[in-house]
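Just so you know, residue 1 is the first one in the sequence shown, and it goes up from there. Predicted, not measured: the structure shown is a model, and the values here were computed from it.
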Amino acid sequence: MKKFISGLKSYIGHAGVYFMFAVLAFAVPAAALQSPTVNMPLIWAALSFGILVAFCDLLFVFPLIRSYLVNVVIHGILSIASFAVSFIWISGLIERGRTAVFGVLLFSVFYVILAVIRCVYHFATTKKENEKKAYTNLYTPTDVD
């Protein structure tokens, strides 16, 4: 039960962080335009985006494929789909085709930049960890006498 609660806290934390960044990304420009009201469909879209992308993050907790790059690509496809569902379909931007395509492309570019940074960091840290480990030969038996 303790492990389930820990996993739930982690999931809610991920969803909260994504929600916060989504709201900040869209609320700051809205505040600059001096909007007199809070755009509730945008808040619901940001919340659904946070929930969906946090669900996509479970791919790294329970990897189906051992390759980190393949997991990043699958996570990217699912995250872009989550963005499209949340901010295009739920918010109603699907009627404006150019805006929807531009939004998805902009998010895709942003995701690729972050994924490259994440991959460079991952491979740099795993290389350092692997250098510290002792080499064990898997093919030559050690107890041959």
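- Taking the six-membered ring for Trp and the full ring otherwise, the centers of Phe49 and Phe107 sit less than 6.0 Å from each other.
- Without hydrogens or angle criteria, Thr125 side chain to His122 main chain gives a donor-acceptor distance under 3.5 Å.
- Asp57 and His75 make their closest contact through OD1-NE2, 2.6 Å (heavy atoms, listed as atom of the first residue, atom of the second, distance).
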**OP:** In sequence, state the C-alpha distance, the side-chain angles, and the governing distance for Phe83 and Leu78, and then conclude on side chain to side chain contact (heavy atoms under 4.5 Å, CB included).
**Re:** CA-CA 9 Å; Phe83 179 83; Leu78 292 174; over 6 Å; no
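- Between the OG atom of Ser108 and the CD1 atom of Ile77 there is a distance of 10.5 Å, given to the nearest 0.5 Å.
- One finds the CG atom of Asn71 at 12.0 Å from the SG atom of Cys56 (value rounded to the nearest 0.5 Å).
- The two atoms that bring Ser48 and Ser86 nearest to each other are OG-OG, 3.1 Å, heavy atoms only.
- Listed by chain and number, the residues in a side chain to side chain contact (heavy atoms under 4.5 Å, CB included) with Phe110 are Leu114 (sequence neighbours excluded).
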**OP:** List the steps and the verdict of side-chain hydrogen bond (donor to acceptor under 3.5 Å, both in side chains) for Arg118 and Tyr111.
**Re:** CA-CA 10 Å; Arg118 184 176 182 174; Tyr111 184 87; 5.4 Å; no
